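For reference, the structure is listed below as structure tokens.
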Protein chains: 2
Amino acid sequence: MEKEASGKRRILDSAARVLRTKGLNATKLSEIAEGAGMLAPSIYHHFKSKDVLVEQVMLDGIYNNTRHIMAKVEGRGAKLSAVERLRAAIVAHVEFLLSDDDSSAAVARVFDELPDDMKDRVLAAYATFDNYWRDLILAAAPENSNINSTVARKFLVAMLDSAPSWYRSGRLSGAQIAQQAADLFLLGFLQDGDIDG
Amino acid sequence: MEKEASGKRRILDSAARVLRTKGLNATKLSEIAEGAGMLAPSIYHHFKSKDVLVEQVMLDGIYNNTRHIMAKVEGRGAKLSAVERLRAAIVAHVEFLLSDDDSSAAVARVFDELPDDMKDRVLAAYATFDNYWRDLILAAAPENSNINSTVARKFLVAMLDSAPSWYRSGRLSGAQIAQQAADLFLLGFLQDGDIDG
DNA sequence: GTCTATAATCAGATAGAC
DNA sequence: GTCTATCTGATTATAGAC
């Protein structure tokens with residue numbers, strides 16, 4: 001189709017990986033270039049500026065993440081209850097964040113650091129993602145819930161997005177962390193023992 | 001006692017306020033100085049470098065936040081149940097984050113952006129804070145909880161710390177957000193209606 | 001303790017050869 | 001499409017007067 005030069009692809013992948021681990025400010029073009037097998041000025045053949053490159057990484061990350069979650073949830077078929085769908089989304093989100101794919105972890109790590117104007121544009125790109133969560137949450141909400149669904153969504157996403165910042169492979173697997181997140185959000189900390197899931 | 005020059009105090013206060021709203025990278029010494037009623041080079045009479053100043057703001061913020069939460073919880077007296085103590089801490093934490101005091105919001109906003117070495121030192125200063133939460137959580141945990149208490153603490157603090165990034169005064173007050181956070185964490189999203197508190 | 005210069009640094013960005 | 005220079009700009013930091 002279009003010629004998505006492999007150079008461009010390598011730069012985007014390298015950028016996501018460095019951003020994920022170092023954050024925006026500590027991410028230097030020289031390091032991105034190194035990961036892509038070239039030198040810093042070569043990046044400018046593919047991207048007009050560092051900002052443009054970073055913004056593309058953010059947009060790709062949001063797209064990949066949204067698509068991944070939707071695929072996981074919808075792939076479970078039409079038999080799932082609203083609560084099971086919400087649980088599946090939570091699990092998919094956390095597992096993707098903790099996976100080898102740098103897309104979503106880069107976004108989670110860097111979003112707060114973005115310059116204001118870029119943050120506004122990236123936030124606009126979140127619309128599909130936000131709407132999907134909103135629908136999942138509204139569908140799963142109990143009748144007379146005293147919890148505001150927007151507040152619940154903000155708290156939920158923030159909680160999940162924090163996982164990469166403190167998770168280290170060891171005792172618990174990513175899948176286990178994901179289950180804990182779902183249990184915690186859906187059932188609460190005071191809910192105990194023997195839960196079906 | 002010691003002569004904590006009012007200049008130093010003004011710089012720290014101004015720095016916390018700018019950091020809270022702009023994040024680390026966008027916080028310029030010139031703006032901190034402006035808020036303190038002086039020019040940028042004057043800061044160097046009080047602090048050896050920007051890093052040293054920022055680190056002091058972080059340490060102060062952690063200290064203030066920890067002390068505030070402890071005072072609120074312990075001030076409620078010895079009659080509180082473990083769950084009520086945990087709830088009081090959650091509410092105090094969110095209310096402090098959303099208050100006029102810039103201490104804790106500055107930490108929540110900036111922590112992820114800190115350079116690695118400083119982050120390590122700041123993290124060490126979190127020990128008192130972390131231990132307090134750990135104890136509150138362990139005391140309130142149900143007998144056979146299937147939720148890891150460390151994971152619960154990480155998710156809880158991350159969720160609470162996100163509030164300043166999306167909360168805007170309007171419909172819901174800070175106190176209401178704080179209650180929602182406590183309900184959500186303790187009882188879960190699926191818990192509905194009429195909750196005692 | 002604060003100011004007016006001015007230096008030093010660093011990283012993003014550009015020019016132009018190959 | 002990538003390289004080797006080089007430039008630019010912004011910001012931290014220093015020197016030294018007041």
Side-chain angles (χ1 to χ4, degrees), chain A residues 1-58 106 109-110 113-119 121-122, chain B residues 1-58 106 109-110 113-119 121-122:
Chain A
M1 315 271 167
E2 329 105 274
K3 45 167 163 266
E4 181 85 327
S6 74
K8 193 163 191 168
R9 183 70 270 142
R10 272 168 17 235
I11 292 169
L12 285 166
D13 289 344
S14 173
R17 190 160 37 76
V18 181
L19 287 168
R20 173 188 193 163
T21 52
K22 302 211 168 178
L24 178 56
N25 194 242
T27 293
K28 310 302 177 192
L29 289 179
S30 55
E31 190 170 355
I32 294 174
E34 188 184 0
M38 59 180 72
L39 291 171
S42 303
I43 291 176
Y44 289 89
H45 181 74
H46 304 277
F47 298 93
K48 194 193 164 198
S49 68
K50 181 185 178 182
D51 272 15
V52 168
L53 165 56
V54 169
E55 187 164 335
Q56 191 62 51
V57 174
M58 295 298 103
R109 174 69 211 270
V110 157
E113 287 184 68
L114 298 177
D116 286 341
D117 55 329
M118 196 194 301
K119 195 183 289 188
R121 289 190 298 275
V122 172
Chain B
M1 318 268 165
E2 331 102 274
K3 44 166 163 268
E4 181 87 325
S6 75
K8 194 164 192 169
R9 183 70 271 142
R10 268 162 27 229
I11 293 169
L12 286 165
D13 290 344
S14 174
R17 190 160 39 75
V18 181
L19 287 167
R20 173 189 193 161
T21 52
K22 301 211 169 178
L24 179 56
N25 194 244
T27 293
K28 308 304 176 192
L29 289 178
S30 55
E31 189 170 357
I32 294 174
E34 188 184 1
M38 59 181 72
L39 291 171
S42 304
I43 290 175
Y44 289 89
H45 181 75
H46 304 277
F47 298 93
K48 195 193 164 199
S49 69
K50 180 185 178 181
D51 272 15
V52 168
L53 166 56
V54 169
E55 187 164 338
Q56 192 61 53
V57 173
M58 296 298 103
R109 177 67 163 65
V110 157
E113 286 184 69
L114 298 177
D116 286 341
D117 57 329
M118 195 193 302
K119 195 181 288 188
R121 290 191 298 276
V122 172

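Heavy-atom basis, side chains included; hydrogens, waters and symmetry copies ignored. The structure displayed is predicted, hence computed values, not measured ones. In what follows, chains are A, B, ... by sequence order, proteins preceding strands, each numbered from 1.
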Practice item. Scan for side chain to side chain donor-acceptor pair (under 3.5 Å) pairs involving residues 49-58 of chain B, sequence neighbours excluded, and state none if there are none. Key: B/E55-B/R121, B/Q56-B/D60
Study note, to complete from the structure: the helix from C/dG1-D/dC18 to C/dC18-D/dG1: angle between terminal helix axes, five bp per end, to the nearest 10 degrees, reads 0°
Exercise for review: Applying salt bridge (charged side-chain N to carboxylate O under 4.0 Å, His left out), name anything that partners A/R109, two or more places apart in sequence or on another chain.
Suggested key: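 Scan of A/R109 (salt bridge (charged side-chain N to carboxylate O under 4.0 Å, His left out), adjacent residues dropped) gives none.
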Point to revise | Sequence-distant partners of B/K28, salt bridge (charged side-chain N to carboxylate O under 4.0 Å, His left out), two or more places apart | key: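 Salt bridge (charged side-chain N to carboxylate O under 4.0 Å, His left out) list for B/K28, sorted by chain: empty.
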Exercise for review: Produce a footprint string for nucleotides 12-18 of chain C: one letter per nucleotide, 5' end first; B if the base is under 4.0 Å from any protein heavy atom, S if only the sugar-phosphate is, - if neither.
Suggested key: SBB----
Review point. What is the distance, rounded to the nearest whole Å, between atom CD1 of A/I43 and atom C1' of D/dC3?
Key: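 The distance from CD1 of A/I43 to C1' of D/dC3 comes to 13 Å, rounded to the nearest Å.
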Review point. Of the residues in residues 32-40 of chain A, which ones touch DNA chain D at a heavy-atom distance under 4.0 Å?
Key: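 Contacts with DNA chain D under 4.0 Å: A/M38, A/L39.
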Practice item. Calculate, to the nearest 0.5 Å, the distance between atoms CG and NZ belonging to B/L53 and B/K8 respectively. Key: 10.0 Å
Taking OP1 and OP2 of [N], is either one under 4.0 Å from a side-chain nitrogen or oxygen of [X]?
| X | N | answer |
| --- | --- | --- |
| A/S42 | D/dC3 | yes |
| A/R10 | D/dT2 | yes |
| A/H46 | D/dT2 | yes |

Review point. Can you name the nearest heavy-atom pair linking B/L19 to B/L24, along with the distance?
Key: CD2-CA, 3.9 Å
Review point. Any ion pair linking B/R17 and B/D13 (charged N to carboxylate O, less than 4.0 Å)?
Key: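 A salt bridge is absent here (no side-chain N lies under 4.0 Å from a carboxylate O).
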